[in-house]
There are 2 protein chains.
Amino acid sequence: MTTAAKPRPADRVPDCVDCPIRHRAVCARCETDELQELEQIKYYRSYPAGQTVVWAGDRMDFVASVVSGIATLSQTMEDGRTQMVGLLLPSDFIGRPGRDDATYDVVATSDLVVCCFRKRPFETLMARTPHIGQRLLEMTLDELDAAREWMLLLGRKTAREKIASLIAIIARRDASLRPTGAAREVVFDLPLTREAMADYLGLTLETVSRQVSALRKEGVIRLEGTRRVTIPDFERLLAETGDDSDGGFLV
Amino acid sequence: MTTAAKPRPADRVPDCVDCPIRHRAVCARCETDELQELEQIKYYRSYPAGQTVVWAGDRMDFVASVVSGIATLSQTMEDGRTQMVGLLLPSDFIGRPGRDDATYDVVATSDLVVCCFRKRPFETLMARTPHIGQRLLEMTLDELDAAREWMLLLGRKTAREKIASLIAIIARRDASLRPTGAAREVVFDLPLTREAMADYLGLTLETVSRQVSALRKEGVIRLEGTRRVTIPDFERLLAETGDDSDGGFLV
DNA sequence: GTCATGGCTTGACCTCGATCAAGGCCGGAA
DNA sequence: TTCCGGCCTTGATCGAGGTCAAGCCATGAC
């Protein structure tokens, strides 16, 4: 369906790292007109670390995709107990086509840049462009698997296993994992405060702190400051997660 | 897009209660050919209560939709700890297009009838029929919301709140809720054993039993036998769930 | 009838993680 | 420099829920 006559925007933005949705859902498979249409309804927003992007219950007139930085998705009970229900990393999707009100709080954990699309036009475009919907279905199914994996963690794992699991997941996802050090060490920064980790794991921040200290004292991890983590032996860490030896988390 | 010339199968199966996917995803919006195609790749299976329908890791060459009965979705750790991650009621979808191996155990909790579709043809049909994918996206997003709501329950609620929440959810879903008794009482049967409830709530069966007894002794619920529950005052039950007063769970 | 079985309840006890409290560390403002 | 506030650590204590154990009750086999 590619129109040869028109210039192809895909050529202008070959890698398109600035806008994951367009890259992952559209570039590779859709034609020029749709790309241009997406271009017209998109805009960028950025938030400093700590700022709330969306409050649960707010009206949302856009959907968005994380470009850089980290955000969290969380719910809070009347009495203040809060549970994080998702961690949003670059390329993750925010918002739900077909729903007008936000269900969760979205908070920027680090400085954050998102690529927004006005919701109505996006929905219209989606209705006409199956690829976008299919890509979204794929992403949603992945998120569902991650949520269910997390249910096992929240319901059945011990505090120590929870901490080990979280560290393993973040380590796996983190870019700096790839250039593995000579000694197969993994080094990365925790993108979350102890409190945020507690909210994610269904623990208190004191318990998080104690368990992190315990893992450090036993040599499962090493710490520089409170954020920078070195994992000398990834297998050993995995053994602490309680997961099956081989793969474990899909997150 | 309806073809006037051909007989419309939708007329033959106006309510189509025997096959929710076809009904909800297709009947109302797609044309004859697709309906007939679905017809050709579908078949029914039934399982007695207690039987495992699919084991995690099994190869799955079908997707399916619950026609009647109740099934559960659960994961088990190496040492036997298990966590239920979903409750499948009639019209719920089983399986994931694009994935060949089952991620979770599916167990029939009551006698169960499912409507299966051979996976490859279903995927092919889906690629050509946007409505099916859209419907599936909608259902998946709902499941994701339910899973996240459950994460709050697992991570932050007390045993008593968990039990109250589960009872409220089941009561809401249950058909016999509608013909509300004169005194606004709600009566229904728990479709789960105490052990299954424990697996769902991240508790032990003893704790479930104790908390159910406590709610009974305090008059929040009444019991006939162990399964049949009467809720004399639904508001009072809701007050025990820890949820916001108004709506609460979307499940 | 009796026996076995599966599902449930209840009690006694213990442990893991929450709670309460104090203090350390570090970076930024004055 | 000092001071302050955010973030983190550690200790002491408490309690919700887990664990272990005994027993109940209904059903079905024999």
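Just the heavy atoms: all of them, side chains too, but no hydrogens, waters or symmetry mates, feed the values below. The chains referred to below are lettered A, B, ... by the order of the sequence lines, with proteins before strands, and numbering in each begins at 1.
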Practice task
Give a yes/no on whether any side-chain N or O of A/S213 is located under 4.0 angstrom from OP1 or OP2 of D/dT10.
Solution key: yes
Completion exercise
5' to 3', nucleotides 16-21 of chain C under a 4.0 Å protein heavy-atom cut-off (B base, S sugar-phosphate only, - none) gives -SSBB-
Completion exercise
Closest heavy-atom pair, A/G242 versus B/M77, reported as atoms and distance to 0.1 Å, is O-CE, 3.4 Å
Problem - Atom pair OG1 (B/T158) and CG (B/L153), whose distance is rounded to the nearest 0.5 Å - result: 9.0 Å
Handout entry: Rounded interatomic separation in angstrom, taking CZ from B/R81 and P from D/dG18
Key = 13 Å
Exercise for the section: Would you mind reading off the distance between A/R216 atom CZ and D/dT9 atom P, rounded to a whole angstrom? Expected result: 7 Å
Handout entry: Between B/S74 and B/D105, a side-chain donor and acceptor under 3.5 Å
Key = no
Problem - Euclidean distance, atom CZ of residue B/R228 to atom C1' of D/dA26 [Å, nearest integer] - result: 18 Å
Exercise for the section: Figure out the CG/C1' separation between B/L205 and D/dG18, and round it to whole Å. Expected result: 11 Å
Practice task
Assign B/T226 to base, sugar-phosphate, or nothing according to its heavy-atom contacts below 4.0 angstrom with the strands shown.
Solution key: sugar-phosphate
Problem - Rounded distance [0.5 Å steps], NZ in A/K157 versus CH2 in A/W150 - result: 8.0 Å
Exercise for the section: Quickly work out the B/R194 CZ to D/dC24 C1' distance and round it to whole Å. Expected result: 14 Å
Practice task
Check whether more than 12 heavy atoms from other residues, nucleotides or ligands sit under 6.0 Å from atom CD of B/E195, and answer yes or no.
Solution key: no
Exercise for the section: Would you indicate, yes or no, if C/dC8 has its OP1 or OP2 atom less than 4.0 angstrom from a side-chain nitrogen or oxygen of B/R227? Expected result: yes
Problem - Rounded interatomic separation in angstrom, taking CD from B/E195 and P from D/dG18 - result: 14 Å
Exercise for the section: Assess whether atom CZ of B/R227 is packed by more than 12 heavy atoms of other residues, nucleotides or ligands within 6.0 Å. Expected result: yes
